[in-house]
Asker: 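Here you go, one structure.
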Amino acid sequence: MTSVCFRDLGKALALTSLISLASLASAEPKHGIAMYGDPALPQDFVSLPYVNPDAPKGGRIVTGNTGGFDSLNPFVLKGTPPWQLRSLAYESLLGRNWDEPFALYGLLAESIETGPDREWVEFTLREEARFSDGKPVTVEDVIWSYETLGTQGHPRYLGFWSKVDDIRQTGPRSVRITFNTADRELALIAGLRPILQKAQWQDKDFTAATLSDIPIGTAPYVVADFEPGRHVTLHRNPDYWGKDLPLRRGIANLDEIRIDFYGDGDVMFEAFKAGALSFFREFNAEAWATRYDFTAVASGEVVKSEIPHQKPSGITGLAMNTRRAPFDDIRVRDALLHAFNYEFIADTLTGGRQPRISSFFSGSYLAMSDGPAPEGVQALLEPYADDLATDALEAFALPTTDGSARNRRNMRTAMQLLTEAGYDVTNGVMHGPDGAPLTFEVLLRQGDKQDQAIVDIYRKALEKLGIFVTVTTVDNAQYNQRISAFDFDMTDTRRALSLSPGNEQRLYWGSEAADQSGSRNLMGIASPAVDAMISNLTTATSPEAFETAAQALDRVLTTGRYVIPIWTYAIGRVAHDSTLHFPETLPIYGDGVEWLPGVWWYEPRKD
């Protein structure tokens, strides 16, 4: 097994990268931008710090997705596209350095300029920037992309567009966006919007789910071939315009990336064992320890690599839809949380090898502290006391058990909470205040064996309380349709979080997104306290203020009992063909979406 470590940046360095108040007032073109202060990499940097700038080009990988696809447009609500297309085929004006909490550098844009308070941002395009068909990227393309995504695109793009007061061309290759609200992060969000080619969509319905339009983007890869529902193959564009940029050195090293689609994760794993896939990401520590004993591992043809990172845990677990009864009652949600026997489930399914998520930002300095809320957090939350859980400012921890199957103490607590909420048991069935039985549906995606196993154990425990649960599994298309319409009672959720939370938090938990079809606020959180803490994040002017706001947000979300959390993924576990290699130096987002296959490269085996 290969195990690699990143350099220890530590809390102080990460905060320093994230928030520094130096050089705020100067409005002049720069090569990059950080959330606060200056980005870490100088203007003359030659490559990102975690890449192999001399990585060889060549080779191919085959990766697998579960489910299918019926669209090649990853920017609209309709259809199910391969999720990789956004990063493989399209680019933005700026690109990320994954070794900083939130810093961006010129990609399609050669420079960025902001007003003293970032009330506006101006980008100047690189003259050499080209789409995959060889046509130049123009200011017209940029403006069209912002307007189209903001008015016809997926709901995740709508929030930003609502904060744009004006967008206009200011020079042959320059575009300025003026905002209607004070928010320091908007300039960075603008830099990350994908840029599309206006001409490709002339006289076409951008909102349609379609397989007829091959993406024309600016990124290193282009779609070369596909078979609906079966595979999509991308080739590295030999004429890629940005291959000599410092931001792109050591990136996009593989000549071909093929995405094959499988019915479920078990079938996909068997395909990997048979050599049909180049790598497999394992999310179960027990499986990582026990099921990788096949011949290719023993011979060294397949390598097991553990890739750590410094990200917050994020939240993974079972989300409760608070738009519906009985989940609109926090006492019921708390009861269901107590009935979830985490220690027994984790020991059964993972051998207890993965620690539990204790809060949304656990594992980082942004996490809520143990014990009562610190003075600064308390000061932020007290004005919203009526909106908080009764114990939000007190010492809080998730319910724990002794690991046995009975979970007697927590089940008694669950029954007490349900009684307080007006529920009682008659003839072995829990009934609510209206006399109706307490039943609900858990919606899962077909082929997700792990979540099905979790819910199966949980369902049997709930029956002891007189609560009877229906488990419904549907294919990808139906799942996406129902999730987009919030047509579920409880479902699985996974939301990764960064060391620089900001406006995206409104999409995840903001009140405005609670009833917006297709939003990421699955739980339907509509909390003035949450909204206020997100605003505090985006207006923080010191490291202390930022950290306090994040800890306060974490406390509100966690004590709100919106999700029943399971285990963390603090280490990325990737089994891969031994011909694939990655640098030993890892960024703080070592297990991020750009990691594989972005900086990996191929070298043939030595005889």
Side-chain angles (χ1 to χ4, degrees), residues 315-350 352 356-357 389 397-445 448-474 479 482-483 486-494 522-524 558 560-567:
I315 193 70
T316 301
L318 298 174
M320 293 175 273
N321 189 351
T322 65
R323 305 171 186 84
R324 299 179 173 184
F327 305 108
D328 56 345
D329 190 327
I330 192 172
R331 294 169 297 184
V332 175
R333 301 199 300 271
D334 198 10
L336 295 176
L337 184 60
H338 277 82
F340 189 83
N341 191 346
Y342 172 77
E343 285 75 15
F344 177 72
I345 291 173
D347 186 63
T348 302
L349 300 181
T350 74
R356 190 180 196 182
I357 291 170
L398 296 171
T400 58
T401 75
D402 60 5
S404 66
R406 293 183 181 271
N407 192 22
R408 287 178 175 174
R409 182 183 48 146
N410 286 338
M411 293 293 272
R412 285 195 298 269
T413 301
M415 184 64 76
Q416 292 170 1
L417 287 162
L418 289 167
T419 300
E420 292 173 10
Y423 290 79
D424 60 45
V425 178
T426 304
N427 298 324
V429 178
M430 183 71 69
H431 290 84
D434 61 355
L438 175 50
T439 64
F440 62 87
E441 176 195 50
V442 180
L443 177 67
L444 298 175
R445 201 187 307 257
D448 195 337
K449 301 287 182 69
Q450 178 172 275
D451 283 341
Q452 290 179 28
I454 291 171
V455 172
D456 189 51
I457 298 174
Y458 185 38
R459 176 180 56 80
K460 294 174 182 176
L462 291 174
E463 289 176 359
K464 297 176 183 178
L465 292 172
I467 302 171
F468 295 88
V469 174
T470 300
V471 181
T472 301
T473 59
V474 296
Y479 181 85
R482 291 191 57 180
I483 290 297
F486 308 126
D487 181 18
F488 67 91
D489 297 325
M490 180 182 286
T491 190
D492 60 315
T493 187
R494 166 69 176 142
L522 295 185
M523 296 81 78
T558 303
R561 280 89 160 174
Y562 299 109
V563 178
I564 301 172
I566 57 170
W567 41 81

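What you see is a predicted model; the values in this text were computed from it and never measured.
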Asker: Please round to the nearest 0.5 Å and tell me the distance separating atom CZ of R482 and atom CG of D487.
Answerer: 4.5 Å

Asker: Show the nearest heavy-atom pair for residues R324 and F486, with the distance to one decimal.
Answerer: NH2-O, 3.7 Å

Asker: Side chains of V471 and D456: does their closest heavy-atom pair fall under 4.5 Å?
Answerer: no

Asker: Hey, mind stepping through Y458 and L318 against side chain to side chain contact (heavy atoms under 4.5 Å, CB included) and telling me if it holds?
Answerer: CA-CA 11 Å; Y458 185 38; L318 298 174; 4.0 Å; yes

Asker: Can you tell if the side chain of Y342 reaches within under 4.5 Å of the side chain of T401, non-hydrogen atoms only?
Answerer: no

Asker: What distance do F468 atom CZ and M430 atom CE have between them, rounded to the nearest 0.5 Å?
Answerer: 10.0 Å

Asker: Using a 3.5 Å distance criterion without hydrogens, assess whether the side chain of T322 forms a donor-acceptor pair with backbone atoms of M523.
Answerer: yes

Asker: Can you tell me how far the CD1 atom of I315 sits from the CG atom of L522, to the nearest 0.5 Å?
Answerer: 12.0 Å

Asker: Is the shortest heavy-atom distance from the side chain of F340 to the side chain of I566 under 4.5 Å?
Answerer: yes

Asker: For A461 and A339, which heavy atoms make the closest approach, and how far apart are they?
Answerer: CB-O, 4.0 Å

Asker: With salt bridge (charged side-chain N to carboxylate O under 4.0 Å, His left out) as the rule and sequence neighbours excluded, what pairs involving residues 408-425 come up?
Answerer: none

Asker: Hey, does N341 have a side-chain heavy atom less than 4.5 Å from the side chain of I457?
Answerer: no

Asker: How long is the span from the CD1 atom in I467 to the CG atom in L418, to the nearest 0.5 Å?
Answerer: 5.0 Å

Asker: Answer yes or no: is there a side-chain heavy-atom contact under 4.5 Å between L443 and I483?
Answerer: yes

Asker: Could you note down all residue pairs passing salt bridge (charged side-chain N to carboxylate O under 4.0 Å, His left out) where residues 330-349 supplies at least one of them, sequence neighbours left out?
Answerer: D329-R331, D334-R561

Asker: Can you tell me if N410 uses its side chain to pair, donor with acceptor, with the backbone of T400 under 3.5 Å?
Answerer: yes

Asker: Got T413 and P399 here, is their nearest side-chain heavy-atom distance under 4.5 Å?
Answerer: no

Asker: Using a 6.0 Å cut-off, check whether atom CZ of R406 has over 12 heavy atoms from anything other than its own residue.
Answerer: no

Asker: Looking only at heavy atoms, what is the nearest atom pair of I330 and A389, with distance?
Answerer: CD1-CB, 3.8 Å

Asker: Using the side-chain hydrogen bond (donor to acceptor under 3.5 Å, both in side chains) rule, pick out the option among D448, T473, T472, T491 that qualifies with Y479.
Answerer: T491

Asker: Which heavy-atom pair separates K464 from A405 by the least distance, and what is that distance?
Answerer: NZ-O, 4.2 Å

Asker: Using every non-hydrogen atom in the two residues, find where V563 and P565 come nearest and quote the distance to one decimal.
Answerer: O-CD, 3.1 Å

Asker: Quick one: pull up CZ in F344 and CG in N407 and give me the separation to the nearest 0.5 Å.
Answerer: 10.0 Å

Asker: If you define the side chain from C-beta out and look only at heavy atoms, does anything of L462 sit under 4.5 Å from F440?
Answerer: yes

Asker: CE/M490 to CG/L444 distance, rounded to the nearest 0.5 angstrom?
Answerer: 10.5 Å

